[in-house]
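A short worksheet on the structure shown next.
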Amino acid sequence: MIEIELDGKKVDIVEGSMIMHAADKAGTYIPHFCYHKKLSIAASCRMCLVDVEKMPKPMPACATPVTQGMIVRTKSDKAIKAQKSVMEFLLINHPLDCPICDQGGECQLQDLAVGYGASASRYEEEKRVVAVKDVGPLISMQEMSRCIHCTRCVRFGQEVAGVMELGMSHRGEHAEIETFVGHTVDSELSGNMIDICPVGALTSKPFRYSARTWELSRRKSISPHDSTGANLIVQVKNNKVMRVVPLENEAVNECWIADRDRFSYEALNGDERLTTPMLKQGGVWKSVDWQTALEYVANGLKQIKSEHGAASMGALVSPHSTLEELSLAGALMRGLGSQNVDYRLRNAEFMASEGVRYLGTSIASLAELQRVLVVGSSLRKDHPLFAQRIRQAARKGCTVNAIYAVAEDWALPVSNAMLCASSTWVQALADVAAAVAADKGVAPLVAGTASETAKAIAKSLLSGERKAILLGNAAAHHAKASSLLALANWIGEQTGATVGYLTEAANTVGAQLAGALPGQGGLNAGQMLDGGLKAILLMNNEPEFDSAAGASAPTGLSQAEMVVTLSPFKSNMAFSDVLLPIAPFTETSGTFVNAEGRVQSFHAVVKPLGETRPAWKVLRVLANLLGVPGFDFNSSEEVLNQVCGLPPVGETHLTAEMLNNMTRVAIDLTPATVAPVVARIYALDGTVRRAASLQLTADAKGTELAQEVAA
């Protein structure tokens, strides 16, 4: 640590830091545009010029290292004059279009121009005009004449997203930010460029010209999509979600969110929203009131229970549902005498679990790994923010190893990769285990032939201190998932690596904690989808798209006498008998438990649309009509406290002991006959599938997908 003087105050700061870092620590604001705490230093805007004693000219605070005894003045006449001069230069070519700019009211340039800009310009020449660019359905580059060449967007692509999709071409007054050879911006994190742009050059295409920032109410929420549990600010106008931006949480999502978190709100206002209960009568759908719909469901369930027994009823629930909804769905089925409840729609194997399958480490620790083995994951598309953390680790020297079936670009260096058909993943992992055993001189868990790549992966995991083995969605859905987990656990024990699942959905961990799993003698999701029930409740899912059964799911479900769909959207209409409109995450309160086991509750940000009701309320009333005891809840908080029995909100409560060991499973090395089902990035759930702009992206069209290699 060294000591400097900043505006008359003593500041202790780590040697090698910049003046800007010292100012941040001291709580002193220095105006800037190109500097961003998560990006490398460019020193291109010069707005942060400060007065450093013994320096003949003002120095950029973002790029000037501190030295012992340095004296810095950020508000001296010399510093202020330099900052005003830079502002004058920046405004020479900036268009006077603040009244129509989407960035108006939250523009960094606009804010600083008030304090450092002149009341009139000395320049009368024509302003520079930059050609309009079309870079895809999410980001608007219609007004690049506003760009001040801070290069934040360029550095974000290189350093955070891992893909340099934007760059600066030409020089001097001809310089401009653009994609090259007509490419679009296709990164799954691209929307963050909108947030970090300090002017109105990059704006949100779906949000464009729809509201002014001062008209919007800001409310906190949690992403309902992947297992990161990204913290969100949902911006609302006239009881309608208008925009979603990140809420900074360094332990979870830092200051970033994935594009599906940002743009999926379009589905909430779309034409496919289900706004009133509906019954199918004579093959025709008719809207009815809630009382009629719920009594119809209750009477139907009573009759089916009477004729076929409680075991003929079941519920398939989505891991994108809240903890409260999952708990009550399971409690309702068990209250009726049925053990048929399951959230594992995409799974091919249904082993009884002894604990909770979760990440096995903290999300923040992923950025500090020195060695990592990822098995069965399309990492960048399945978990964009986890991939970003591992990308940070790779930039610090982490060795990334992978076993996967699809040749695709992770936008980070993969040192050792075993590219093989998913049917042979168990053997591939057994080969790594054999290499570990040979290196340590211990008996291998199972027979394996250590290839050169397997030896390299084993050598990697046996070195370093901070290391992890991460099983992806395809590994979780694998027909031999238990064998993969057993091998991973053994390798983890031998190498000192943590073992965990990246987990598929926002509440995959919560679904396990809520007991959304079949009880003793209960049917699993595969059996229920295969036509094993007379009455079935589908909550927040569309089996045709969300299950391993896929296109055959409607056939199995059509064999039931009653299918009840609880959904925010008009879905499952081909085989359902009743549609009950339940609230999406923006219209209900609830709780998600993310991959690391962090409990995060949220409130509704808008009123329910039409006759939509929160699912926990629908399940409560349905249970009351069926005479199931223990459903006297008045709020989701009561459900959380009485049914779920979890620790205080916000605490990471899972421990390594809760991770499902399953090391005693008999490992089967024969090739699997069924490839695992993995949803594409913008087909993960019903909300993203209905987000118009996301469905226009290259990812949604499948242009980035490669085929699984042949067995």
Side-chain angles (χ1 to χ4, degrees), residues 280 311-321 326 329-330 333 338-353 376 378 382 405 421-423 472-482 484 503-505 507-508 511-512 516-518 522-567 569-579 672-690 702 705 708:
K280 187 187 288 184
S312 66
M313 302 183 294
L316 287 170
V317 294
S318 168
H320 299 279
S321 300
L326 293 165
M333 282 296 114
S338 172
Q339 296 295 326
N340 305 325
V341 182
D342 208 347
Y343 76 93
R344 302 166 298 176
L345 278 78
R346 291 192 173 105
N347 283 31
E349 185 188 48
F350 300 93
M351 284 292 294
S353 56
S378 178
D382 288 351
S422 59
S423 59
N473 294 350
H477 303 155
H478 201 274
K480 297 183 178 178
S482 58
L484 289 173
T503 73
E504 176 186 9
N507 217 16
T508 298
Q512 298 170 74
L517 292 161
L523 301 181
N524 61 47
Q527 293 167 326
M528 286 189 268
L529 287 165
D530 204 29
L533 297 174
K534 296 297 182 181
I536 187 163
L537 267 64
L538 301 174
M539 187 171 75
N540 246 338
N541 61 74
E542 299 169 87
E544 189 173 355
F545 307 107
D546 294 328
S547 76
S552 65
T555 302
L557 294 170
S558 296
Q559 297 175 32
E561 294 180 13
M562 173 180 279
V563 178
V564 181
T565 291
L566 291 78
S567 173
F569 305 104
K570 297 173 183 175
S571 58
N572 302 333
M573 299 183 79
F575 51 82
S576 293
D577 300 289
V578 186
L579 298 182
T673 57
V674 180
V677 176
V678 180
R680 295 209 311 236
I681 183 170
Y682 299 134
L684 181 62
D685 57 67
T687 304
V688 294
R689 284 196 291 269
R690 291 172 172 82
L705 294 177
E708 180 173 323

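Quick note: numbers below take in every heavy atom, side chains included, and nothing from hydrogens, waters or symmetry partners.
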Item to check | Test log, rule side-chain hydrogen bond (donor to acceptor under 3.5 Å, both in side chains), inputs Asn572 and Thr565 | outcome: CA-CA 7 Å; Asn572 302 333; Thr565 291; 3.3 Å; yes

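- Formation of a donor-acceptor pair under 3.5 Å by the Asp530 side chain with backbone atoms of Gly526 is not found in this model.
- Between the side chain of Asp577 and the backbone N or O of Lys280 there is no donor-acceptor pair closer than 3.5 Å.
- Under the 3.5 Å distance criterion, the side-chain polar atoms of His477 are matched with a main-chain donor or acceptor of Val677.
- Here the side chain of Asp546 pairs no donor or acceptor atom with the backbone of Asp685 at under 3.5 angstrom.
- The backbone N or O of Ser422 lies less than 3.5 Å from a partner atom in the side chain of His478, making a donor-acceptor pair.
- Under the 3.5 Å distance criterion, the side-chain polar atoms of Asn541 are matched with a main-chain donor or acceptor of Met539.
- Side-chain atoms of Asp342 do not come within 3.5 Å of backbone N or O of Asn524 as any donor-acceptor pair.
- Of the possible polar contacts, none joining the Ser576 side chain to the Met573 backbone as a donor-acceptor pair under 3.5 Å is found.
- Arg690 has a carboxylate O that lies under 4.0 Å from a charged side-chain N of Glu542, or vice versa, which qualifies the two as a salt bridge.
- Distance check, rounded to the nearest 0.5 Å: NE2 of His320 to CD of Glu504 gives 5.5 Å.
- With hydrogens and angles ignored, the 3.5 Å screen pairs no side-chain donor or acceptor of Ser482 with any backbone N or O of Met351.
- Looking only at distances, no side-chain donor or acceptor of Asn473 sits under 3.5 Å from a matching main-chain atom of Ala476.
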